[in-house]
Amino acid sequence: MLEEMSRVERSGAAPVRQLFARMCRPAAAPDTRGAFCRDRRLAAIGGATFYLPDTKADVEAFGRPHRFGRGEQNFGRPQLRTVGLVECGTHAVFGAATGALRTGERTPARAVLVSLRPGTLLPADRGFCCVGLLCKSRQPGRTCCGESAKISCCG
């Protein structure tokens with residue numbers, strides 16, 4: 001068992017990325033409840049953070065949460081930022097990007113929006129509803145929409 005785990009560690013992230021690209025895709029059939037709005041496939045975008053082991057390498061690569069002036073130097077465990085695209089109705093993840101905690105959600109969101117396929121409708125939440133972010137993702141057949149009162153430019 002230890003030998004197998006060691007082999008997995010040596011192979012790195014590339015095989016996992018290849019498996020994700022091959023296997024993770026929208027799965028809804030046209031009659032799947034909640035997966036379509038008229039003729040458009042519905043997707044959702046969201047972000048999350050995950051705690052990592054408290055190692056020097058993880059702190060350097062991903063960083064710790066900010067303490068906003070409280071003075072603590074090494075507070076909290078390192079965290080990984082993740083943004084994903086999920087198909088509504090099936091909850092199938094078909095796009096994901098990760099990064100350091102300090103990058104915020106918009107940087108990985110830019111990377112994940114390329115996973116939108118023609119015929120997909122992405123209602124954006126206020127954290128991602130940003131003219132600069134959404135307009136850059138506009139490609140033929142893909143639609144992004146958000147709450148117009150909350151749209152702002154993210155530069």
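Just so you know, these numbers come straight off a predicted model, no measurement behind them.
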List the atom of [X], the atom of [Y], and the distance in Å for their closest heavy-atom pair.
X	Y	answer
Gly95	Ser115	CA-OG, 3.7 Å
Pro78	Val59	CG-CG2, 3.5 Å
Val112	Leu85	O-CD1, 3.2 Å
Ala109	Ile45	CB-CD1, 4.1 Å
Phe62	Gly99	CD2-O, 4.0 Å

* **Distance (rounded to the nearest 0.5 Å) between Glu105 CD and Thr82 OG1** =>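 Interatomic distance, Glu105 CD to Thr82 OG1, rounded to 0.5 Å: 9.5 Å.
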
* To do: Report the distance from atom CG of Leu42 to atom CD of Glu87, rounding to the nearest 0.5 Å.
  =>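 Atom-to-atom, Leu42:CG and Glu87:CD are 9.0 Å apart.
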
Considering only distance and modelled atom types, tabulate donor-acceptor pairs under 3.5 Å from the side chains of residues 24-37, sequence neighbours left out.
{"residue": "Arg25", "atom": "NE", "partner": "Arg22", "partner atom": "O", "Å": "3.3"}
{"residue": "Arg25", "atom": "NH2", "partner": "Ala21", "partner atom": "O", "Å": "3.1"}
{"residue": "Arg25", "atom": "NH2", "partner": "Arg22", "partner atom": "O", "Å": "2.8"}
{"residue": "Thr32", "atom": "OG1", "partner": "Ala29", "partner atom": "N", "Å": "2.9"}
{"residue": "Thr32", "atom": "OG1", "partner": "Ala29", "partner atom": "O", "Å": "3.1"}

* Asked: With a cutoff of under 4.5 Å between side-chain heavy atoms, which Ile, Leu, Val, Met, Phe, Trp and Tyr residues group with Phe20?
  ->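 Cluster partners of Phe20: Val86, Val93.
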
So, the side chain of [X] versus the backbone of [Y]: is there a donor-acceptor pair under 3.5 Å, distance only?
X	Y	result
Arg64	Gly76	yes
Thr103	Ala100	yes
Arg81	Leu101	yes

